[in-house]
Amino acid sequence: MNDTYYDRPLLKGPHWGSNVVTYLFLGGIMGGLGLIQTIAGSEKTPEAIRLRRDARYASFALAVVCPPILISHLGRPERFLNMLRILKWRSPMSLGVWGLVAYTGAAGANVMRELADEGTLPRWMRHLAPKVLNPVQALLGAFIAGYTGVLISATAIPLWGKGKTHIPAASVCSSASGACALSSLLSTLGGNHTVTRKLERLEMVAALGELAILRHFRTHAGPVGAPLFEGERGERFENYTVVAGIIAPTILNLIGQVVNLPKPVDAVRTILASTLTLAGAYVFRESLIEAGKLSANDPKAAHRQPQ
Amino acid sequence: MATGFFTDATLCIGCKACEVACKQWNELPSDGFVFSGNSYDNTSELSGTTWRHVAFVEERAVAEDTVVSAWSMVSDVCKHCTNAACHEACPTGAIIRNEFGNIFIQPDVCNGCGYCVVACPFGVVDLIGHVDPDGVLYNLATLHDDRREAEQTALQGSGGVAGKCTLCYDRQRSGFVPACAKACPTESIQFGDVDELRERARVRVETLQARGVDASLYGADDVGGGIGPLNAFFLLTGEPESYNLPSQPVLPSTRQAHGYAAGALAALALAAVGFTIFRGR
Ligand code: SF4
Ligand code: SF4
């Protein structure tokens with residue numbers, strides 16, 4: 001390979017900071033909760049119905065919080081609505097914005113249904129949210145959980161491009177485990193213990209899936225993966241996302257499945273596991289964005305761009 | 001019909017007249033006074049407010065006790081790609097292909113999301129920083145009223161939008177040649193109908209090769225990766241990497257199908273597990 005131009009970067013890195021990272025994190029969990037409300041709703045026990053309600057409320061709350069965070073990263077925030085003047089299939093960012101709008105609609109309608117069932121809103125209002133919006137919220141939620149992975153891999157940044165399948169799949173897993181963690185946290189605090197076990201089982205599967213994908217990505221990416229897996233950034237990623245965010249909570253959740261701990265101790269265990277998972281999920285998104293900046297500065301990787 | 005540039009490294013004398021003419025016509029702010037230490041290249045790269053950049057490839061060779069320098073310069077610019085990554089990525093539709101077949105950012109539509117910046121496989125487009133109100137960086141008061149109003153004013157009053165070469169959309173509309181091509185004293189930058197320029201470039205590269213010059217075209221034909229030919233293409237001596245032009249650029253949107261499929265698969269698998277867990281009591 002020839003010398004590059006004075007080793008100067010070929011590409012321009014992302015201008016995205018902690019507000020984008022926060023959106024990726026919260027938006028992912030919001031989408032994951034969309035899946036959980038449908039899954040929980042498939043079981044007709046009172047505990048599961050309660051979980052469905054909690055997941056719907058939490059998801060809608062996140063849908064309210066996310067847009068302002070997203071808008072805050074724009075160079076010209078007052079022009080946010082320009083994204084709604086056009087729909088482009090070839091732009092994951094455009095699709096994502098419309099997905100977000102649709103998701104908020106579905107999530108809002110389902111919250112309205114819960115409130116109508118509960119009696120807080122007039123009962124006739126439940127007809128404004130037909131049953132079909134339940135699976136619709138799950139489908140849109142799955143899209144929201146993963147599209148940000150597609151969004152970053154459809155760029156020139158070598159690390160992100162190399163992860164065109166790994167990053168979206170890992171994003172979905174991370175979103176799902178984060179949503180499980182938040183749900184079990186809420187359920188434990190609300191005294192809804194029976195569903196916590198089930199949520200933690202799903203969380204373990206999602207977390208281990210993420211771990212497997214990340215491990216495979218590391219070998220697949222080779223030197224292009226260095227910004228994410230090596231150096232200081234790699235250490236932070238390994239410590240917070242892999243060890244503290246995946247392995248530790250999985251062990252804690254496993255203990256919860258096999259050992260019959262006294263209630264208060266068990267509650268502390270769940271709170272600890274959930275917090276670790278959530279922190280790891282945040283660092284996962286942060287590492288992706290920050291490592292993308294480092295990757296953009298590597299001219300050797302950028303001259304031969306991944307297919 | 002599309003217009004474009006043919007930029008010929010064998011004719012460039014490194015005078016940077018193109019850079020200056022571009023800055024002046026488009027009323028772009030200074031890059032600051034920075035010495036890079038890399039030959040005579042203190043511009044270093046294209047940016048949101050630097051739309052021509054002359055690369056200096058200075059090679060030192062020792063021949064019989066004397067050190068000689070071999071020089072090659074080329075003026076880099078937005079490639080106005082056939083399949084432009086920035087154009088596909090832009091979620092606001094701010095980036096359009098105009099009536100001259102050029103890729104143009106409408107500065108009054110762009111909301112500064114920055115997606116085009118990471119999408120461009122050539123590292124061309126970038127966000128323009130916000131201009132400070134005191135105008136220290138860029139004195140807005142010096143703008144003529146009509147220019148301040150003009151759509152083409154890159155900074156749109158206060159920056160925060162994406163910027164790159166407009167191929168002098170405003171000049172073309174008035175029947176003028178882009179400022180850089182006009183200013184180039186050696187015709188290293190040629191502007192015109194792209195098909196005609198490609199013909200000219202092929203003849204030129206053959207002539208040079210016949211004379212034994214290691215010359216090749218970059219972007220006159222398909223550059224690969226789904227991008228297609230470039231409407232601003234180059235004649236280079238030596239490898240493209242040495243001028244900071246990617247040897248294997250890829251159109252990033254080609255990866256999307258894989259991404260959605262992988263994401264959907266993961267979601268499906270997790271949903272199946274989830275339903276089994278919850279129905280199973
Ligand atoms: S070189 Fe980059 S900025 Fe220019 S048209 Fe192509 S993708 Fe867009
Ligand atoms: S920064 Fe502006 S031009 Fe670039 S993709 Fe975003 S809206 Fe489009």
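Residue numbers begin at 1 in each chain, while the letters A, B, ... track the order of the sequences.
Contact annotation for A:L95: only side-chain heavy atoms (C-beta onward) come within less than 4.5 Å of a heavy atom of chain B. Contacts of A:S153 with chain B are made by backbone atoms alone, with heavy-atom separations under 4.5 Å and no side-chain atom involved. For A:R90, the parts lying near chain B are the backbone and the side chain together; criterion is any non-hydrogen pair under 4.5 Å. Looking at A:F80, the atoms closer than 4.5 Å to chain B (heavy atoms on both sides) all sit in the backbone: N, CA, C or O. For A:T38, the parts lying near chain B are the backbone and the side chain together; criterion is any non-hydrogen pair under 4.5 Å. With a threshold of 4.5 angstrom between heavy atoms, B:C113 approaches chain A through its backbone and through its side chain. Proximity to chain B is limited to the backbone of A:W89, based on heavy atoms less than 4.5 angstrom apart. Neither the backbone nor the side chain of A:L87 comes within contact range of chain B, judged by heavy atoms closer than 4.5 Å. Looking at A:P9, the atoms closer than 4.5 Å to chain B (heavy atoms on both sides) all sit in the backbone: N, CA, C or O. Residue A:A206 touches chain B through both its backbone and its side chain, counting heavy-atom pairs closer than 4.5 Å.
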Item to complete: I would like to know whether A:Y5 and B:D41 meet side-chain hydrogen bond (donor to acceptor under 3.5 Å, both in side chains); could you show each step before the answer?
Response: CA-CA 11 Å; A:Y5 189 68; B:D41 180 9; 2.6 Å; yes

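A:K88 and B:E88 are not joined by a salt bridge, as no carboxylate oxygen comes within less than 4.0 angstrom of a charged side-chain nitrogen. Remark: B:E241 does not engage A:K300 in a salt bridge, criterion side-chain N to carboxylate O under 4.0 Å.
Listed in order of number, the residues of residues 70-83 of chain B that approach chain A to under 4.5 Å between heavy atoms amount to none.
The only member of A:R197, A:E43, A:K198, A:E200 that meets side-chain contact (heavy atoms from CB on, under 4.5 Å) when paired with B:I277 is A:K198.
Ranked by heavy-atom pairs under 4.5 Å with chain A, the list B:S44, B:G93, B:S39 is led by B:S44. For the set B:A89, B:S47, B:G224, B:S36, the entry with the most heavy-atom pairs within less than 4.5 Å of chain A is B:A89.
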